[in-house]
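Just below is one structure, and these are the notes that go with it.
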Amino acid sequence: QSALTQPASVSGSPGQSITISCTGTSSDVGGHNYVSWYQQHPGKAPKLLIYDVTSRPSGVSDRFSGSKSDNTASLTISGLQAEDEAEYYCSSYATRSTYLFGTGTKVTVL
Amino acid sequence: EVQLLESGGGLVQPGGSLRLSCVASGITISSYAMNWVRQAPGKGLDWVSTISTGTYYADSVKGRFTFSRDNSKNTLYLQMNSLRAEDTAVYYCAKSPYSGYLGGAFDIWGQGTMVSVSS
């Protein structure tokens, strides 16, 4: 099973909105509503931002939102802030209780 | 507050073995699917294994790694045998968001423990 495909980098200015894509196949992203997103700052453990495509855990800013169309999921960050500069990963249920992560996207706040 | 604390990492030669532990506080591990995720230096996240009513493994570790739990100690274990250079990574244990959830989201992570496989 190959990793899900994400753009290597995305950038935006403070206050702007950016979207990160996560492309898989009909066997993973397209086959279930079990897509999640994580934020990871250097040297830190990942933080869950979104699960089940659109759900936000308690305490996560509503500036983060998720969506999915066919085999591609997306994470949108609205009102970009300096603290959003980090690596972002998607994840999806694959088959028989196995899971795939995305290749990761470096978000830069200009 | 829910906390996960990993230990047991270190330097091991190729072909060697290591056992990682993850002690949980603030939750009862038997109530949740629990997971191991690793991250090689400078690389992305890589799902390793999940334990719930069954145990599931990535193809890359199947037959070499064993995930188990001791409910009385609220502790998880990852027994890693026949280690390879490509197993070098920070290993995180992580919890699923709610009881019975098997969708692969991980809401609480430990700080990680480093495993280095080298001669």
Side-chain angles (χ1 to χ4, degrees), chain A residues 1-9 20 22 24 27-29 31-60 66 68 73 75 86-106, chain B residues 1-6 9 22 24 32-63 65 67 86 89-114:
Chain A
Q1 290 171 319
S2 300
L4 307 174
T5 301
Q6 297 180 231
S9 63
I20 302 167
C22 170
S27 296
D28 38 70
V29 174
H32 314 278
N33 284 325
Y34 288 135
V35 175
S36 51
W37 289 91
Y38 302 85
Q39 176 192 63
Q40 187 179 33
H41 288 105
K44 300 294 188 181
K47 174 186 177 183
L48 179 66
L49 298 175
I50 298 287
Y51 67 100
D52 295 353
V53 179
T54 60
S55 297
R56 259 189 321 274
S58 173
V60 172
K68 192 186 83 163
L75 173 72
E87 194 80 20
Y88 290 80
Y89 296 93
C90 63
S91 176
S92 172
Y93 181 97
T95 58
R96 289 171 282 126
S97 294
T98 64
Y99 309 97
L100 290 173
F101 280 98
T103 50
T105 298
K106 169 65 176 173
Chain B
E1 181 189 8
V2 178
Q3 288 190 328
L4 301 172
L5 183 62
E6 304 96 335
C22 174
Y32 299 86
M34 301 297 295
N35 314 271
W36 287 97
V37 177
R38 66 185 180 182
Q39 187 170 33
K43 302 297 184 183
L45 301 173
D46 182 31
W47 172 77
V48 174
S49 183
T50 293
I51 192 167
S52 55
T53 53
T55 312
Y56 310 93
Y57 299 95
D59 287 344
S60 59
V61 307
K62 199 173 296 182
F65 289 13
F67 191 178
E86 54 264 36
V90 174
Y91 284 73
Y92 295 100
C93 68
K95 165 190 162 291
S96 296
Y98 52 84
S99 179
Y101 182 86
L102 283 174
F106 315 117
D107 68 336
I108 303 294
W109 297 63
Q111 88 291 346
T113 187
M114 182 69 202

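Protein chains get the first letters and strands the later ones, always in sequence-line order, with residue 1 at the start of each. We use all heavy atoms of the structure for the numbers below, so side chains are in, but hydrogens, waters and symmetry mates are not.
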**Q.** Interatomic spacing from OH in A:Tyr89 to CG in B:Asp46 - rounded to 0.5 Å
**A.** 11.0 Å

**Q.** Per-residue contacts, residues 51-62 of chain B versus chain A, heavy atoms under 4.5 Å
**A.** B:Tyr56, B:Tyr57

(Q) Report which part of B:Tyr92 has an atom under 4.5 Å of a heavy atom belonging to chain A: side chain, backbone, both, or neither. (A) side chain

(Q) Less than 4.5 Å to any heavy atom of chain B: does that hold for the side chain of A:Pro46, its backbone, both, or neither? (A) both

Q: Considering non-hydrogen atoms only, spot the tightest contact between B:Gly104 and A:Ser91 and give its length.
A: O-OG, 4.1 Å

Q | Atom of A:Tyr93, atom of B:Leu102 and distance for their closest heavy-atom approach | A | CD1-O, 3.6 Å

Q) Say you draw a straight line from CG of B:Leu45 to OG1 of A:Thr103; how long is it, rounded to the nearest 0.5 Å? A) 11.0 Å

Q.
At a 4.5 Å cut-off on heavy atoms, which part of A:Asn33 comes close to chain B: side chain, backbone, both, or neither?
A. neither

Q) So which heavy atom on B:Ala105 is nearest to which on A:Tyr51, and how close? A) CB-CB, 3.5 Å

Q | Segment of A:Gln40 engaging chain B (4.5 angstrom heavy-atom cut-off) | A | side chain

Q) What part of B:Val90 gets closer than 4.5 Å to chain A, counting heavy atoms only: side chain, backbone, both or neither? A) neither

Q.
Over 60° means perpendicular and under 30° means parallel, so tell me whether B:Trp47 and A:Tyr99 are parallel, tilted or perpendicular.
A. perpendicular

